[in-house]
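Note that ligands are numbered from 1 as they come in the structure, with each ligand's atoms numbered from 1 the same way. As a basis for the values below, the full set of heavy atoms in this structure was taken, side chains included, without hydrogen atoms, waters or symmetry mates. Quantities reported herein were computed from a predicted structural model and do not represent experimental measurements.
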Amino acid sequence: MHDFHLHLARLSNPESIADELNRRGYHYVDVGCEPWEWAKVRDLKRAEVNCTENRAEKNRAAYGIHPMIAEKVTEEDFATLRKFLESDTDAQVGEAGLDRRFPGYEPGGVQETVFRRQAELALELGRDLQIHCVGDYMRIVKVLREAGFKTSPHDNSTATVNAPRPVFHRFGGDISAVRAGIELGALFSLHADSFRKKSTAAAIPLIPADSVRFETDADESYSERLAGTGCAPTAIEIAEALIRDLGDVQRLYELAIKGA
Ligand SMILES: [Zn+2]
């Protein structure tokens, strides 16, 4: 199994969870979206065991600045971000993007500036870019084009880290976002929530199968939900819940393409 977007550093007892996941052959992209997480994400990196899948399925880190903190980011943070990315050539950039729930979302606002800089960094370093979008996907596409992401022939089977791709994480766009994303050679990372919105559910079957990924986006709220009113979940409980939830996303996708 491969979880294309989760936040290990935000879970309780992440070292044990990383070990449990690895033992079960569950691989992932571990995303650090605030400066305090970056060192943790780096230290949590595990070489995968029993990885029979291709290179695309290996454990990776992602380092980025989430739009929720765009307003607070400093030049020093950007310099540190670059260092983390340069020290790990397998790492992706992100998550970065736009979110209408946080300050600086307006066109030309600070969220756009912070996103654009990370898009440029992804291109410069030749890395995939994990994109967070709660709002207007067409604005994301516009920034990507302006930053230099090019229309690329659809071929994700041979893609390497040297051919940077936009990754629409927790995809929630409609048919026009799918079309624009395909043009840019994007990957679409699907979450259980991707199937809740009618316009997204209708667009999912149009995504080329080799551009589809699956994710849990598990963060601190994931452990909290599992805990309910009882005590904190163990690493084993969290690992098993992730496997179950990622499997559910894959089944939702299979149903969606069968029904289309
Ligand atoms: Zn996330």
Ion pair check, D193 and R170, cut-off under 4.0 Å: yes
Are any of the side-chain nitrogens in K58 or D90 under 4.0 Å away from the carboxylate oxygens of its partner? yes
Considering just N/O/S atoms, say which atom of E95 is closest to the Zn ion (ligand 1). OE2
So, 2.8 Å as the limit: is an N/O/S atom of D217 located closer than that to the Zn ion (ligand 1)? yes
Think R10 forms a cation-pi with Y222, using NZ or CZ under 6.0 Å from the six-ring centre and within 45 degrees of its axis? no
Testing E215, Q130, R213 one by one against H169 for a side-chain hydrogen bond (donor to acceptor under 3.5 Å, both in side chains), which residue passes? E215
Of all the atoms in H66, is at least one N, O or S atom closer to the Zn ion (ligand 1) than 2.8 Å? no
Taking the Zn ion (ligand 1) as the vertex, how big is the angle to NE2 in H5 and NE2 in H7, rounded to 10°? 90°
